[in-house]
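To start, the structure itself, in structure tokens.
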Amino acid sequence: MDNIIRDGNPTLRKYADKVTFPLSQEHQQLAKDMMKYLEVSQNPDLAEKYGLRAGVGLAAPQVDVSIQMAAVLVPSPVEPDDPDNHDDVLKAAQEAQDNPVFKDVIINPVIVSQSVQLGALSEGEGCLSVDEDKPGYVPRADRITLRYQDVDGNDHKVRLKNYPAIVCQHEIDHLHGVLFYDHINKEQPFAAEENTLLIG
Ligand SMILES: Cc1nc(NNC(=O)[C@H](CC2CCCC2)CN(O)CO)c(F)c(N2CCN3CCOC[C@@H]3C2)n1
Ligand code: NI
């Protein structure tokens with residue numbers, strides 16, 4: 001996964017192709033590799049060892065494969081007892097990953113309904129494919145109903161809200177050639193409609 005492409009590469013602006021089942025060998029391997037990237041990147045020691053930027057999501061177009069597939073690993077918010085104690089930090093990161101809020105490889109995802117209520121990460125968003133900071137709120141639906149297929153071709157219909165809903169919308173945007181900063185208000189980046197929930 002050290003081949004994450006950057007903004008400017010046309011693949012990031014393509015509408016990715018639907019995935020057919022059964023998955024080809026390379027698509028099965030890609031799904032495994034993308035989830036592995038997220039797991040490793042969320043372990044502070046391993047992330048440092050391999051020089052990985054931490055991620056809670058990764059979409060296939062970001063590794064130059066224009067198909068409708070994205071790995072999502074949203075850990076539960078576990079804080080270390082003592083943030084200055086390295087072992088506590090490692091234990092918390094592992095615990096956070098062991099019972100994630102949402103973990104799956106979402107294939108051919110479709111948002112079938114979404115709340116009128118908007119939500120945005122209070123810190124704004126970043127992207128592994130966008131090196132420069134793009135400050136500002138990224139307004140998204142606070143709650144979504146998402147249909148997708150998993151790597152075995154099983155259909156899922158999940159209702160997500162707040163943090164996992166934001167992450168999945170960021171990933172699904174990648175499958176449509178949309179990047180997070182496309183949503184930021186150019187004139188007033190931190191202007192949010194009055195009823196936008198700020199998350200995190
Ligand atoms: C919010 C966040 N974004 C991180 N990075 N950016 C990404 O994931 C991009 C996707 C996210 C950007 C905003 C919404 C989706 C990647 N993208 O471009 C994929 O399309 C993080 F790394 C992160 N966390 C919190 C949880 N923590 C657990 C312990 O390990 C560190 C980890 C850090 N939270
Ligand atoms: Ni991204």
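Residue numbers run from 1 in the order of the sequence given. Counting starts at 1 for both ligands and their atoms, following the listed order.
Residue-to-ligand polar distances keep Gly55 apart from ligand 1: every N/O pair is separated by 3.5 Å or more. Of the polar atoms of Val56, at least one N or O is found under 3.5 Å from an N or O of ligand 1, judged by distance alone. By the 3.5 Å distance cut-off applied to N or O atoms, Leu128 is counted among the residues near ligand 1.
Heavy atoms of His174 found under 4.0 angstrom from ligand 1 belong exclusively to the side chain. Contact annotation for His170 and ligand 1: only side-chain heavy atoms (C-beta onward) come within less than 4.0 Å of the ligand. If you look at Phe180 next to ligand 1, there are no close heavy atoms at all, none under 4.0 Å. Residue Glu123 does not touch ligand 1, judged by heavy-atom distances below 4.0 Å. When non-hydrogen atoms are compared, ligand 1 lies under 4.0 Å from the side chain of Gln62 (C-beta onward) but not from its backbone.
Between His176 and Tyr15, the angle of the ring planes stays under 30°, which puts this pair in the parallel group of the 30/60° scheme. Between Tyr148 and His156, the two ring planes are parallel [angle under 30°; tilted spans 30° to 60°].
Close contacts of ligand 1 with Cys127, meaning ligand atoms under 4.0 Å from a residue heavy atom, involve 18 (O). Set against the non-hydrogen atoms of Gln42, the atoms of ligand 1 under 4.0 Å away are 29 (C), 30 (O). Taking every non-hydrogen atom of Gly126 and a distance limit under 4.0 Å, the qualifying atoms of ligand 1 come out as 12 (C). Per-residue contacts place Glu125 under 4.0 angstrom from the following atoms of ligand 1 (heavy atoms of the residue considered): 13 (C). Listed by atom number, the atoms of ligand 1 under 4.0 Å from Gly57 heavy atoms are 8 (O), 16 (C), 17 (N), 19 (C). With ligand atoms numbered from 1 in the order given, ligand 1 contributes 1 (C), 2 (C), 25 (C), 26 (C), 34 (N) to contacts under 4.0 Å with heavy atoms of Tyr163.
Side-chain polar atoms of Gln68 and Asn108 form no donor-acceptor pair below 3.5 angstrom. Side-chain contact check for Gln94 and Asp98: at least one donor-acceptor pair (N or O, by modelled atom type) lies under 3.5 Å. A donor-acceptor contact closer than 3.5 angstrom links the side chains of Gln29 and Asp33. Between the side chains of Tyr181 and Asp7, at least one donor N or O sits under 3.5 Å from an acceptor N or O. A donor atom on one side chain and an acceptor atom on the other are found under 3.5 Å apart for Asp64 and Thr11.
Nearest protein heavy-atom contact of atom 32 (C) of ligand 1 is Ala54 CB, 4.2 Å. Ranking the protein heavy atoms by distance from atom 10 (C) of ligand 1 puts Glu171 OE2, 3.6 Å first.
Look at Ala96 and you'll find every heavy atom at least 4.0 Å from all atoms of ligand 1.
One finds no salt bridge joining Glu39 and Lys32 here, because no Lys/Arg side-chain nitrogen approaches an Asp/Glu carboxylate oxygen to under 4.0 Å. For the pair Arg140 and Glu125, the salt-bridge criterion is met [side-chain N within less than 4.0 Å of a carboxylate O].
Other residues, nucleotides and ligands contribute only 12 or fewer heavy atoms inside 6.0 Å of the NZ atom of Lys49. Within 6.0 Å of atom NZ in Lys161, 12 or fewer heavy atoms from other residues, nucleotides or ligands are found, so the atom counts as exposed in its surroundings.
Centred on the Ni ion (ligand 2), the angle running from Cys127 (SG) to His170 (NE2) is recorded as 120°, rounding to 10°.
Heavy-atom proximity to atom 27 (N) of ligand 1, evaluated over Ser76, Pro44, Pro75, Ser129, is greatest for Pro75.
Proximity of a side-chain donor or acceptor of Ser76 to a complementary backbone N or O of Pro100 within less than 3.5 Å is not detected.
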